[in-house]
Amino acid sequence: MTFRLWDIKEEVPEDLVDVFDIVNLRFFSFVLLNEEVSRVVEKLFKLLTTYVQWGEPDFATVRVDKARPDSKKETTEALMKLLIVQDPRLNPSWVIELPKTSTAAGFEVDIETDIRDAEPWLAFMFHKCGLIKHELIARKTKNEKMAQELGRPLPLAVEETRKGAVPGIAIIDERT
């Protein structure tokens, strides 16, 4: 086995064309902007001889539910909405359109799409990672107002999570 660094946004190296039987992708939704997806899918088509499996969280379906009727979730919901408007990668609209984009790029045979709610343990882990993401952005941003806006509700959202605010998210798996 060898490892190789290649930026998916760059052209496909000639020695990688039609080389792979299987390509498995996860979490490109944190990297790709909406306008970059069709070009990336076209490049994936060049790599493959047969099969791609691509799994992404569907951020459009992210919600906060309650484990108990008396649980609070308002701060957690507000925190999630705050980031969506700050960076388009945190609100990718392309994920749900991935089957159409794949077909347009040449993946014509047997596109199987599985869209379902994540298992509770997996949704919880996404949520915990999301809270870390908020904290990292608050610490690293050069935008002082954004740091304050994220930093203020974060401890309250963590406390809501401890007391029963539970996330829900759909997972989209596509296989060609």
Side-chain angles (χ1 to χ4, degrees), residues 1-65 76-77 79-137 140-141 161 166-176:
M1 176 184 288
T2 59
F3 291 95
R4 180 168 176 179
L5 182 62
W6 168 57
D7 183 345
I8 191 77
K9 296 176 185 178
E10 301 296 326
E11 289 305 314
V12 177
E14 241 353 271
D15 63 318
L16 297 181
V17 173
D18 292 330
V19 170
F20 299 98
D21 295 327
I22 299 171
V23 173
N24 185 301
L25 301 155
R26 296 284 185 265
F27 300 112
F28 271 47
S29 54
F30 292 107
V31 178
L32 297 177
L33 296 170
N34 292 331
E35 60 271 10
E36 297 171 323
V37 175
S38 60
R39 289 277 302 137
V40 166
V41 172
E42 289 170 8
K43 290 173 186 175
L44 289 172
F45 187 72
K46 290 179 183 179
L47 296 174
L48 288 168
T49 59
T50 52
Y51 186 83
V52 64
Q53 182 181 30
W54 193 335
E56 295 290 344
D58 177 17
F59 292 100
T61 66
V62 173
R63 64 192 183 281
V64 181
D65 298 324
T76 305
E77 288 175 328
L79 186 63
M80 293 167 72
K81 289 176 185 170
L82 182 62
L83 265 190
I84 287 173
V85 299
Q86 298 302 317
D87 189 330
R89 290 171 299 181
L90 300 175
N91 190 23
S93 61
W94 62 264
V95 173
I96 199 72
E97 297 295 323
L98 198 50
K100 290 179 190 172
T101 306
S102 297
T103 300
F107 291 103
E108 297 176 8
V109 182
D110 296 328
I111 294 178
E112 177 186 325
T113 304
D114 180 14
I115 302 173
R116 57 191 151 72
D117 272 351
E119 295 295 328
W121 60 268
L122 184 58
F124 183 72
M125 293 312 298
F126 277 132
H127 179 59
K128 295 289 271 188
C129 291
L131 290 175
I132 292 168
K133 172 185 67 185
H134 289 81
E135 182 181 353
L136 286 172
I137 292 171
K140 299 288 185 180
T141 185
T161 300
V166 293
I169 189 170
I171 300 294
I172 299 174
D173 273 319
E174 180 178 297
R175 297 171 189 89
T176 61

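These values consider heavy atoms only, across backbone and side chains, with no hydrogens, waters or symmetry-generated copies.
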**Study point:** Where Trp94 and Asn34 come nearest, the two heavy atoms and their spacing
**Key:** CD1-OD1, 3.0 Å
Check your understanding: Of all heavy-atom pairs between Arg4 and Asp15, which one has the smallest distance, and what is that distance?
Key -> NH1-OD2, 2.6 Å
Exercise for review: Evaluate the side-chain proximity of Trp6 to Val12: yes if any heavy-atom separation is below 4.5 Å, no if none is.
Suggested key: yes
Revision key, fill the gap. In terms of heavy-atom contacts, Val31 and Glu36 come closest through O-OE1, 4.0 Å
Point to revise | Pairwise distance CZ(Arg63) to CD(Glu77) - rounded to 0.5 angstrom | key: 11.0 Å
Review point. For the side chain of Glu56 and the backbone of Ser29, is there at least one donor-acceptor N/O pair under 3.5 Å apart?
Key: yes
**Study point:** Gap between atom CG of Leu16 and atom NZ of Lys43 - 0.5 Å precision
**Key:** 12.5 Å
Review point. Quick check: are there more than 12 heavy atoms from other residues, nucleotides or ligands sitting under 6.0 Å from CD of Glu35?
Key: yes
Practice item. Side-chain contact test, heavy atoms from C-beta onward, threshold under 4.5 Å: evaluate it for Arg39 versus Glu11 and give yes or no. Key: yes
Check your understanding: What is the distance from atom CD of Glu135 to atom CG of Leu79, rounded to the nearest 0.5 Å?
Key -> 11.0 Å
Exercise for review: Only one of Thr101, Leu32, Thr103 passes side-chain contact (heavy atoms from CB on, under 4.5 Å) with Val41; say which it is.
Suggested key: Thr101
Review point. Do Leu98 and Trp54 come within less than 4.5 Å of each other through their side chains, counting heavy atoms only?
Key: yes
Check your understanding: Are Ile8 and Leu44 close enough that some pair of their side-chain heavy atoms sits under 4.5 Å apart?
Key -> yes
